[in-house]
Amino acid sequence: AEPNLRVEQLDDWWLLLVVDAGPFLPHFGFHLVHFGSLPKLRAMAYLLVLATSILAAAALPSDKAFYDANGYVHIRRVFNVSEALLLSQWVQEIGSFPAAEGKWMHHYESTESGPQPGDVSFLSEKEQVLKQPLPVVKKKTYQLARTENFVSYHPQLGRRLMAGKLPDLVAEMLGEHVFLYKEKINYKYPGGAGYAAHQDAPAYKQIDNHLTALVAIEPATLANGCLEFAAGRHQEGLIGLTGEGIISSVAEANLEFSACEMQPGDVIIFSSYIPHRSRPNLSPQRRALLYLTYNAQSEGYLRDEYYRHKRATMKAGQLSLIKHFQGVALEANEGLAGSAANASCTAANATGRSSSDAVLTELRAMFETHGATMYDPVVTQQEHALQSAALAEAAGASDALVTAALLHDVGHLLLDEHMGNDGFLQVDRMHELAGADFLRPRFPEEVEGAVRLHVPAKRYLCQARPGYWEGLSPASKRSLQVQGGVHSDAEAAAFIAQPFASAAAQLRIFDDLAKKPAVTTPDLEYYLTGAVARVLSAGGSR
């Protein structure tokens with residue numbers, strides 16, 4: 001209001017900021033900052049930091065000019081450290097989703113493990129990665145290669161991809177507003193395959209005007225297979241297109257590719273016509289990247305049509321509608337009981353299931369993320385799990401049953417079900433099946449079977465054990481109704497005849513008793529490094 005007023009003259013001052021609220025609010029936010037008698041130099045430093053944060057969210061004119069000339073632009077630190085950590089957590093959650101027919105799509109690859117952990121000799125000379133690959137252990141493993149079609153099933157992340165910072169950045173490059181067209185996470189675990197030189201456009205049949213925002217969830221380096229671009233070649237249309245939808249080796253030889261290494265929080269926006277490729281992951285570290293393709297709003301909202309078309313036309317054993325993936329892809333695991341991915345993963349687990357360390361890391365992350373949510377008004381999800389495991393252990397149960405007791409409600413964690421959500425224990429989302437699907441490729445069948453049957457076990461016990469129903473907590477009585485009610489005599493007889501039904505009934509009793517306040521139990525690590533680790537290493541109960 002007074003443009004001639006100098007900063008030194010302000011003894012007590014306020015500043016009204018109207019800024020883009022970034023990825024977590026898809027609209028503008030108003031921030032009223034009161035500096036009071038804060039020393040002016042310190043206040044100005046604060047403003048400089050704040051302004052830098054705000055400007056980092058928007059593309060600069062130089063970014064747009066670089067994109068127009070080269071077909072891609074690397075914008076660093078679009079997401080700050082806390083935002084990048086949150087994105088990483090969400091990607092971890094999505095990777096842990098159980099199989100679900102017709103929903104998200106998990107794709108797997110068969111790999112041979114990469115360099116031994118701790119071998120970082122390649123870091124001293126990057127060219128070694130390209131010319132002298134490190135020794136590999138010739139042991140087949142099955143790794144998650146890609147997940148797609150997940151925004152509807154992870155609303156926290158989905159909202160940020162549909163509106164906010166990312167689509168706004170893409171719109172600046174494209175010159176008009178955009179819709180999300182497709183989304184995927186490429187994980188590229190150690191030993192994961194690379195992708196041949198290609199352009200994305202041949203895979204996108206429904207649209208003409210589209211860009212992709214690539215978000216680094218983990219560091220992307222030459223060693224673990226970062227993307228490489230042929231700058232400036234995006235204006236030439238399709239280049240050397242083969243019948244498989246990739247760039248021919250002859251055409252590739254005439255392209256000059258440059259590696260584009262990234263750090264978490266960085267974003268690369270690139271044209272669907274720029275040639276790009278990536279090499280295998282020859283390092284011991286995973287390289288997870290989030291790929292988000294947007295189309296011009298003038299072409300309409302086409303995301304649903306894309307996934308309908310892909311499900312209908314993609315051949316088994318492929319990751320994409322073009323054949324750029326250079327590894328051995330398994331059939332997409334969409335929850336079909338006989339799918340090749342499920343069968344292959346189960347077969348792998350019979351001889352050497354997912355590494356114990358990897359499974360324990362997954363479980364720690366899940367409890368860290370969701371364990372503090374309330375199971376009922378008395379206990380948290382983690383307290384309920386620990387009490388269940390403690391009761392099983394005190395009863396002399398096997399390691400497998402103690403593990404099942406600890407993890408019997410892992411489906412609630414996967415589905416983010418807790419008292420803070422509307423409809424919890426009022427709508428049956430079949431958490432026992434979600435949990436069993438998660439456990440099946442990781443644990444022996446006696447763990448998965450007991451967890452799968454622990455909900456119908458409650459229905460069985462209400463019929464078979466007099467007084468059982470009266471002892472249920474209000475939450476269990478409420479959930480019983482949405483789970484089908486008390487078994488009939490015939491249903492009870494059929495249930496208990498199933499494999500693992502007896503163990504599930506035992507588990508159910510531990511479950512019912514594990515809802516008391518302020519109970520002292522061993523901590524999570526005690527069970528993870530004890531019974532759970534023993535089950536994983538033995539491949540069965542003790």
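Every value quoted in this text rests on a predicted model; they were computed, and no experiment measured them.
- Taking CE of M374 as the start and CD of Q381 as the end, the distance is 9.0 Å to the nearest 0.5 Å.
- Annotation: E368, atom CD; neighbour count of heavy atoms from other residues, nucleotides and ligands within 6.0 Å does not exceed 12.
- Every residue two or more places apart in sequence or in another chain that forms a salt bridge (Lys or Arg N to Asp or Glu O under 4.0 Å) with R277 is listed here: E228, E252.
- Rounding to the nearest 0.5 Å places CZ of R287 at 9.5 Å from CD of E218.
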Show me the donor-acceptor pairs, under 3.5 Å and distance only, between side chains in residues 322-329 and residues at least two apart or in other chains.
from	atom 1	to	atom 2	distance (Å)
H324	ND1	I322	O	3.4

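- No side-chain heavy atom of H276 sits less than 4.5 Å from a side-chain heavy atom of C260.
- Here CD of E183 is found 11.5 Å from OG1 of T212. Values are rounded to the nearest 0.5 Å.
- Looking at L363 and L406, their side chains never come closer than 4.5 Å, going by heavy atoms from C-beta outward.
- Aromatic ring orientation, W104 versus Y153: perpendicular (interplanar angle above 60°, classes split at 30° and 60°).
- Considering only heavy atoms from C-beta on, H487 comes within 4.5 Å of Y460 through its side chain.
- The ring pair (Phe, Tyr, Trp, His ring centres under 6.0 Å) test applied to H384 returns Y375, H408, not counting sequence neighbours.
- For the atom pair NE2 (H106) and CD1 (I94), the distance works out to 9.0 Å, reported to the nearest 0.5 Å.
- Listed by chain and residue number, nothing satisfies the salt bridge (Lys or Arg N to Asp or Glu O under 4.0 Å) test with D266 (two or more places apart in sequence, or in another chain).
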Please report, to 0.1 Å, the donor-acceptor pairs under 3.5 Å made by any side chain of residues 494-508, with sequence neighbours excluded.
from	atom 1	to	atom 2	distance (Å)
Q498	NE2	F495	O	3.3
R508	NE	D512	OD1	3.3
R508	NH1	H454	O	3.2
R508	NH1	D511	OD2	3.4
R508	NH2	D511	OD2	3.1
R508	NH2	D512	OD1	3.2

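- Considering only heavy atoms from C-beta on, F150 comes within 4.5 Å of I185 through its side chain.
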Steps toward side chain to side chain contact (heavy atoms under 4.5 Å, CB included) verdict (Q156, H154): CA-CA 6 Å; Q156 300 99 317; H154 197 293; 3.3 Å; yes

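- Counting only heavy atoms from C-beta outward, the side chains of T147 and F97 never approach each other to under 4.5 Å.
- Once rounded to the nearest 0.5 Å, the distance linking OH of Y527 with CZ of R534 reads 11.0 Å.
- With respect to E83 and R160, no salt bridge is recorded, no charged nitrogen being found less than 4.0 Å from a carboxylate O.
- The shortest heavy-atom contact between A436 and R452 is CB-CB, 3.7 Å.
- The shortest heavy-atom contact between A392 and L401 is CB-O, 4.4 Å.
- In terms of the salt bridge (Lys or Arg N to Asp or Glu O under 4.0 Å) criterion, residue partners of E525 (sequence neighbours excluded) are, by chain and number, R364.
- For the pair Y306/N149, no side-chain contact is recorded, criterion being any heavy-atom separation below 4.5 Å from C-beta on.
- Aromatic ring centres of F270 and F229: separated by under 6.0 Å.
- The backbone N or O of C226 lies less than 3.5 Å from no partner atom in the side chain of E261, so there is not a single donor-acceptor pair.
- One finds the CZ atom of R286 at 7.0 Å from the OH atom of Y187 (value rounded to the nearest 0.5 Å).
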Intermediate values then yes/no, side chain to side chain contact (heavy atoms under 4.5 Å, CB included), L290 and W90: CA-CA 11 Å; L290 180 60; W90 290 339; over 6 Å; no

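- Without hydrogens or angle criteria, R146 side chain to N186 main chain gives no donor-acceptor distance under 3.5 Å.
- A pairwise comparison of heavy atoms in S283 and N224 identifies OG-CB, 3.4 Å as the closest pair.
- Within 6.0 Å of atom CZ in R308, more than 12 heavy atoms from other residues, nucleotides or ligands are found, so the atom counts as buried in its surroundings.
- Listed for the N281 side chain is a donor-acceptor partner under 3.5 Å among the backbone atoms of Q285.
- Checking side-chain atoms of E148 against main-chain N and O of M105 turns up no donor-acceptor pair under 3.5 Å.
- Smallest separation of non-hydrogen atoms from I246 and A196: CD1-CB, 4.3 Å.
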L472 vs C462, side chain to side chain contact (heavy atoms under 4.5 Å, CB included): CA-CA, chis, key distance, verdict: CA-CA 9 Å; L472 292 177; C462 285; 4.0 Å; yes

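- No side-chain donor-acceptor contact under 3.5 Å links Q387 and E383.
- Between Y195 and H198, the ring planes are tilted. Angles from 30° to 60° get that label.
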Test log, rule side chain to side chain contact (heavy atoms under 4.5 Å, CB included), inputs V486 and E491: CA-CA 9 Å; V486 179; E491 288 174 328; over 6 Å; no

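- Taking 4.5 Å as the limit, every side-chain heavy atom of L157 sits out of range of all side-chain heavy atoms of E93.
- Considering every non-hydrogen atom in both L144 and H107, the closest pair reads CD1-O, 3.5 Å.
- Side-chain contact between K165 and V267: absent, with no pair of heavy atoms (C-beta onward) separated by less than 4.5 Å.
- Shown here for A84 and G265, the closest heavy-atom pair between the two residues is CB-N, 4.1 Å.
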